[in-house]
Amino acid sequence: LEGDKIDLFAKEEINMEACNKIDINSNNVNIDARARMRITARQFLLIDAPCGMQILSKIIQGVSAATDRPTSYLSTGG
C-alpha cells in the first residue's frame, strides 16, 4: 500500500499475522483502544524509549522490577 493517506476500516475486526516480523516505522504511532488493549509476548517484550515513556491509567495491574540490572531482583526474589 502506498499513498498520501490510506484508511483501513473493518466493521468487525482486522487481523495481521507474520511468521517472523512486522515492522512499523513512523515518527508517531497512535493506537486508540476504546475498550481494551492487550500486548502478548510469548518470549521477550522489549520497549526501547530513550527519551522516556508515559503510561496513564487509573489502574495498573501487574509486577514490575525497575532496575538497570534486569536479573538482580528477579533472580534473588527481591
Side-chain angles (χ1 to χ4, degrees):
L1 298 172
E2 184 176 332
D4 292 333
K5 183 179 178 185
I6 297 172
D7 293 322
L8 299 175
F9 175 79
K11 289 186 178 183
E12 291 296 322
E13 72 182 56
I14 294 176
N15 294 309
M16 289 190 293
E17 183 175 337
C19 292
N20 289 320
K21 185 178 183 179
I22 294 177
D23 289 329
I24 299 173
N25 298 309
S26 176
N27 288 335
N28 295 294
V29 175
N30 297 309
I31 300 172
D32 182 7
R34 291 184 176 96
R36 181 178 176 195
M37 183 173 132
R38 180 177 179 173
I39 299 172
T40 302
R42 295 207 171 122
Q43 291 185 9
F44 185 75
L45 174 65
L46 171 67
I47 299 174
D48 184 3
C51 293
M53 185 172 82
Q54 182 178 38
I55 297 174
L56 303 173
S57 176
K58 292 180 181 179
I59 298 171
I60 296 178
Q61 181 181 29
V63 176
S64 175
T67 177
D68 61 347
R69 296 178 297 140
T71 58
S72 64
Y73 295 114
L74 299 175
S75 61
T76 61

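Note that these values count all heavy atoms, side chains included, but never hydrogens, waters or copies made by symmetry.
A donor and an acceptor atom, one from each side chain of N15 and E13, are located under 3.5 Å apart.
Clustering ILVMFWY residues whenever any of their side-chain heavy atoms sit less than 4.5 angstrom apart, transitively, puts I6 in the very cluster that holds I14. Cluster annotation: I47 is connected to I55 through the hydrophobic network of ILVMFWY side chains, with a link wherever side-chain heavy atoms come within less than 4.5 Å.
Residue Q54 comes nearest to L56 through the heavy atom pair NE2-CD2, 3.7 Å, listed as atom of the first residue, atom of the second, then distance. Between N28 and S26 the shortest heavy-atom distance is O-OG, 2.8 Å.
A 6.0 Å sphere centred on CD1 of I31 holds no more than 12 heavy atoms belonging to other residues, nucleotides or ligands.
Sorted by first and then second residue, the pairs that involve residues 23-41 and meet salt bridge (Lys or Arg N to Asp or Glu O under 4.0 Å), not counting sequence neighbours, are K21-D23, D32-R34.
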